[in-house]
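Below is one structure, written out as structure tokens, with a few remarks after it.
Excluded from the calculations below are hydrogen atoms, water molecules and symmetry mates; all remaining heavy atoms, backbone and side chain alike, are included. So that the names make sense, note that chain A is the first sequence line, chain B the second, and so on, each numbered from 1.
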Amino acid sequence: MLKLMDADDNKSKRLVSLMKKRGFIQPAFELYGGVAGLYDYGPLGGRLRRNVISKWLNHWISLGNIVEIDSPTITPEPVLKASGHIGAFNDYASECKSCNSIFRTDHLLEGYHNNPDALDNIALDNELLKNKIPCPSCNKSEWLPSEPLNLMFSTIIGANKGGRKAFMRPETAQGMFLQFPSIYRHFRGKLPFGAVQVGKGYRNEISPRQGMIRLREFNMAELEYFIDPEKDINYNLDLWDDVQIKLVPDPGKDELTEKRYTIYNAVKEGVVRDQTVGWFMIKTFELMLELGINNEYIRFRQHEQDEMAHYATDCWDLEIYGSYGWIECVGIANRGCYDLKAHQNVTKSNELKAWRDFENELEIEKYVCSPIQSIVGPRFKEKSKLISDHLEKLDASKINFPFIINIGGEEISIEENMVEIKKVNSIERGEWFTPHVVEPAFGIDRIIWHILEHSFTETSKENDDYYTILKLRNKICPIDFSVYPLFEKDGLDKIALKIIDSIREIDGINVNYDGTKSIGRRYARGDEIGVPYAITIDHQTIDDNTVTLRDRDSQEQKRMSIEELLLFISKY
RNA sequence: GCGAGCGUAGUGUAGCGGUUAUCACCCGGCGUUGCCAACGCCGGAACCCGGGUUCAAAUCCCGGCGCUCGCACCA
């Protein structure tokens, strides 16, 4: 069943050639020799990318409680330190003096040290030496000093010497977390809500391979969905109840196995631990189908416990099958309250919280000590402020006079005449808490690559080896309609251009004219770049104002009036 | 980062010390045909970059960059 690209290795090569030839995707800076991991989208690819992003945005924004935001790619160091990226990114690597192999230093020390992740480079080198760790490759034990393996691009903000250290963001998520106060205000405090951001992310990969799959600068699209972990939300989990989706749950110690579930059952049986994660799995699955990914080549794989990123508590990857095998294209993670808490801790801000009403108001009756300032003041002088603060926090119902309090190491006796016991009635309606976050994060470039692979169809026509049809979905394809005059004389070309003018008045339609070479060749050119419909102007058009509409995939043609055509296009 | 192989028009390729750098598709113009990559003529377009060896380098050598594959890396 899973014979797509690997059945014919040259097929993916032909796809790459086509992508370059027709201006979808190509290596960037080729004139200067190219840079690994950096790609250009060309005239058609640019359009395709835009369409994919639009579809992605509309899919989420139409849920009604999700907004789009945008934040800078340049990110000051403290932000990424708080988010844990600096720690996680500063892994160290050691090189073997003898055979030049390179290994993660903390991996080498596994089994010798409880928590090698926490050590700095000097401690790591000492551990290597002390334990005489052998090189897994050549078995010798001669290590060069460990070097940090930082996978972020660093830069300096400000042209002068004292500039602030910064990095190109490795994910867009932090933008949503830092904008939480603004988003919270926008939704007037009503959870759940979410924010999305589409933009570039950067990772300075050691050795990017696999074409578009591992890039150094890439398009990512992330959604942060803020929820109250103590409130159940009614999700429409049976939305795709007729579809059995392939899931690969974390097997623990067992073999990886693929099982088919409806998401509804997967959540019910606890295979998917979190219902919000389940909900986004469904909506993500739906989006993939709308983008033109083949549903047989989609599966969700659960992260194993030790594979999970530093922030996640449960994580499912949507993987798509193609010529590189199963590739992670979306990660849906429950990040808990990790990020908001992390930024709270560093900034001491109270703004990264949400308010939760109690179901029933709590009437609280308590007794407080209210210091009588005219006595406490003159008696304790400069210490009286501290003493008053302390007294106000005491539960006065449990007090017997005189009693001793401890202020700055000094014992102070409080007598009955210093305070007044007051009864206070207060009503607690709710509390502040840190919302939890469920994050679906999409690798747009990887998705685009698989859309192209799944669309790429080769048939043969009589004497041709390969007849290529790129079966892109309507509205994802870069060009929606092509208009071909059967030949460029007798006014057919003029009619074609007039029809194009009318089509261009319809919003969001990209139409293209081609008048050169034979009609069959023009159909072929259009099929190759995935134009879903060809409109042909022939002699009959002059007589009765009708044209033919050719369907890309069936090659069938229907004759219709120009009015009917325009109606069809406006509903397309 | 290491090791092996590779890098020639837009694409796919031949040439592997001396060629006007091969062929095909392709692209443009003109003509012809007139609904599924038709034909003819004309035209367009390339040796990854830098250094070296040689009378002579696309070809041999060295370095860089890129690609593919293995090892490592991919939070």
Side-chain angles (χ1 to χ4, degrees), chain A residues 9-10 12-23 26-38 42 80 83-91 93-96 98-108 117 135-138 144 147 149-152 170-171 203-211 213-216 303 306-312 315 327-328 331 459-469 484-490 492 516-528 534-540 547-548 550-552 554-557 559:
Chain A
D9 193 42
N10 288 325
S12 62
K13 279 191 187 150
R14 288 194 296 276
L15 176 59
V16 171
S17 296
L18 174 67
M19 290 302 103
K20 228 176 138 179
K21 192 167 80 177
R22 300 305 305 269
Q26 61 213 294
F29 309 112
E30 251 201 323
L31 244 30
Y32 285 86
V35 180
L38 299 180
L80 293 162
S83 69
H85 285 92
I86 305 256
F89 271 28
N90 274 346
D91 291 323
S94 296
E95 184 174 341
C96 171
S98 162
C99 71
N100 295 325
S101 300
I102 292 180
F103 302 93
R104 281 265 299 266
T105 316
D106 55 329
H107 289 182
L108 288 170
D117 224 3
C135 168
S137 159
C138 70
L144 291 167
E147 297 273 348
L149 241 177
N150 196 328
L151 296 182
M152 291 195 292
E171 59 171 23
R203 293 175 195 187
N204 200 355
E205 300 282 354
I206 296 169
S207 130
R209 294 265 173 95
Q210 306 174 302
I213 303 299
R214 271 179 72 198
L215 298 173
R216 287 185 162 131
H303 275 212
D306 59 356
E307 173 192 11
M308 222 119 64
H310 58 268
Y311 44 73
C315 187
I327 295 295
E328 171 196 351
T459 58
S460 58
K461 272 193 174 183
E462 287 152 53
N463 39 20
D464 273 306
D465 317 340
Y466 299 109
Y467 186 90
T468 303
I469 305 176
Y484 308 132
L486 199 53
F487 43 98
E488 281 184 306
K489 58 182 181 189
D490 298 340
L492 294 186
T516 61
K517 302 277 160 157
S518 76
I519 189 71
R521 183 191 219 83
R522 283 178 271 162
Y523 289 146
R525 285 202 277 234
D527 290 345
E528 192 179 62
I535 296 154
T536 311
I537 314 304
D538 57 15
H539 264 119
Q540 202 182 322
V547 296
T548 61
R550 174 186 180 273
D551 179 84
R552 177 192 66 206
S554 68
Q555 303 190 20
E556 276 165 18
Q557 283 177 293
R559 185 165 280 279

Counter-base of B:rU20, judged by Watson-Crick or G-U geometry with both distances under 3.5 Å: none
Donor-acceptor pair, side chain of A:Arg216 and main chain of A:Glu205, under 3.5 angstrom: yes
Sugar-phosphate, base or nothing in reach of A:Arg22, heavy atoms under 4.0 Å: nothing
Short side-chain N/O contact to B:rC74 OP1/OP2 from A:Arg209, under 4.0 Å: no
Whole-Å distance separating the CG atom of A:Leu38 from the C1' atom of B:rC67: 14 Å
Rounded interatomic separation in angstrom, taking CD from A:Glu205 and P from B:rG66: 14 Å
Nearest-angstrom distance from the residue atom CD1 of A:Ile519 to P of B:rG34: 14 Å
Side chain of A:Val35 - closest among B:rG34, B:rG66, B:rU11: B:rG66
Among B:rA75, B:rC74, B:rC35, the nucleotide that comes nearest once only the side chain of A:Arg203 is considered: B:rA75
Sugar-phosphate, base or nothing in reach of A:Gln557, heavy atoms under 4.0 Å: base
Sugar-phosphate only, base, or nothing, as touched by A:Ser518 at under 4.0 Å among non-hydrogen atoms: base
Whole-Å P distance, B:rA45 and B:rG5: 35 Å
Rounded C1' spacing from B:rC65 to B:rC49 in Å: 7 Å
A:Thr516, nearest nucleotide to its side chain (from B:rA75, B:rC36, B:rG29): B:rG29
Residue-phosphate contact under 4.0 Å: A:Arg521 side-chain N/O, B:rC27 OP1/OP2: yes
A:Arg525, nearest nucleotide to its side chain (from B:rG29, B:rC27, B:rC35): B:rC27
N or O in side chain of A:Ser17 less than 4.0 angstrom from B:rG12 OP1/OP2: yes
B:rC73 versus B:rA14 - spacing of their C1' atoms, nearest Å: 39 Å
Sugar-phosphate only, base, or nothing, as touched by A:Leu486 at under 4.0 Å among non-hydrogen atoms: base
Touch class at under 4.0 angstrom, heavy-atom based, for A:Asp538 against every strand present: base
